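Please read the structure below before turning to the comments.
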Amino acid sequence: MAAPRTRTRHRERHGAERAGWLRAAVLGANDGLVSTSSLVIGVAASGASGSAILTAGLAGLTAGALSMAAGEYVSVSAQADVEHADRAQEKAELASTPAAELDELTGIYERRGLPPALARQVAEALTERDALAAHLRDELGHNEQNRARPLQASAASASSFAVGALVPFLGMAAPPGSTRLTLIVVVTVIGLAVAGALGARTAGTPLARPTLRVVVGGCAAMAVTALVGALVHTAGV
Ligand SMILES: [Zn+2]
């Protein structure tokens, strides 16, 4: 039975290898779901009209998606700036002190377990091939999979937020009143379960616990905003 096991091992993929933007997309959808459903439920619980609820939902979707886009762009750009500066500094050091850089690389491979002579040989070979790439990868941990891409991250966050935020609108199809509120809650809980399961799959972890966390967290958010809406209604604001 050695052959099928080998094949399985070759197909095996690890969570860390998956692109960061995929995880960001699942988180964005989750955000869109929770914030928009909570917003809509809070406004509905205050006794607002159907058009007011719809307006609140659409405003929430737009504001949330744009805020996600801007926030993600700023934070990933800062990360890209750091990578850029690291690269420039490494390039300058390689040009000014190549011998010290070779020693540095040798030390890195020694600490990873290579005997000194072999570490030296590996460092020399990789330096000859592409010194900058070797230092960026083995000294600073940069690699192509986790490189900061501000525009891609920004677009993924905004669109995934919008996709998540559209789910509660499915509940708006029901007639006004408690049926509509119930349907919004039901479609949101289904959406949360899907987002939780997708998030767990993306991370390569078991499904049950992360899914439950996402559903319980989302329900708590909806309950609190419903309470706030109901208090506003009672106060007659
Ligand atoms: Zn270096």
Side-chain angles (χ1 to χ4, degrees), residues 1-42 44-45 57 60-61 63-65 67-69 71-73 75-76 79 141 143-150 152-174 179-227:
M1 295 302 282
R5 264 172 95 186
T6 312
R7 230 179 292 142
T8 313
R9 206 173 302 150
H10 277 284
R11 237 189 285 131
E12 180 182 58
R13 292 172 65 205
H14 295 278
E17 285 169 11
R18 292 184 178 84
W21 64 265
L22 193 56
R23 199 165 306 171
V26 173
L27 284 175
N30 197 46
D31 259 10
L33 251 172
V34 174
S35 67
T36 311
S37 61
S38 297
L39 182 62
V40 164
I41 286 167
L61 184 157
S67 144
M68 290 286 284
E72 194 70 8
Y73 186 80
S75 97
V76 179
Q79 195 189 327
N143 64 51
E144 202 42 40
Q145 284 101 327
N146 62 22
R147 193 160 65 87
R149 293 177 181 82
Q152 189 193 58
S154 169
S157 286
S159 47
S160 57
F161 183 97
V163 168
L166 280 172
V167 172
F169 285 92
L170 298 173
M172 302 284 290
T179 325
R180 179 180 282 169
L181 265 179
T182 311
L183 195 61
I184 292 172
V185 172
V186 168
V187 294
T188 301
V189 169
I190 294 171
L192 286 170
V194 172
L198 268 178
R201 272 210 74 95
T202 311
T205 58
L207 295 189
R209 282 171 69 105
T211 305
L212 192 67
R213 258 199 306 264
V214 168
V215 170
V216 169
C219 288
M222 287 191 283
V224 171
T225 34
L227 183 69

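This chain uses plain numbering: 1 for the first residue, then up along the sequence. The structure presented is a predicted model; accordingly, all values stated were derived computationally and were not measured. Values below: all heavy atoms of this structure, side chains included; hydrogens, waters and symmetry mates excluded.
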Q: Give a yes or no on whether the backbone of Leu33 and the side-chain of Thr36 come within a donor-acceptor separation of less than 3.5 Å.
A: no
- Query: Can you check side chain to side chain contact (heavy atoms under 4.5 Å, CB included) on Val76 and Arg149, steps first, answer last?
  - Reply: CA-CA 7 Å; Val76 179; Arg149 293 177 181 82; 5.5 Å; no
- Task: Would you check, one step at a time, whether the test side chain to side chain contact (heavy atoms under 4.5 Å, CB included) holds for Ser67 with Phe161?
- Result: CA-CA 10 Å; Ser67 144; Phe161 183 97; over 6 Å; no
All heavy atoms of Leu192 vs all of Asn30, minimum pair found to be CD2-OD1, 3.5 Å
Legend entry - Minimum side-chain heavy-atom gap Leu39-Thr225 below 4.5 Å: no
All heavy atoms of Phe169 vs all of Leu61, minimum pair found to be CE1-CD1, 3.9 Å
Of all heavy-atom pairs linking Ala69 and Ser154, the shortest is O-OG, 3.0 Å
Between Leu181 and Ala44 the two heavy atoms that sit nearest each other are CD2-CB, 3.8 Å
- Determine whether Met222 and Ile184 make a side-chain contact, defined as any pair of heavy atoms from C-beta on separated by less than 4.5 Å. no
In Val34, Val185, Val189, the residue satisfying side chain to side chain contact (heavy atoms under 4.5 Å, CB included) with Cys219 is Val189
For Leu207 and Ala200 the tightest heavy-atom approach is CD2-CB, 3.7 Å
Heavy-atom closest pair (Gly171 atom, Val187 atom, distance to 0.1 Å) is N-CG2, 4.0 Å
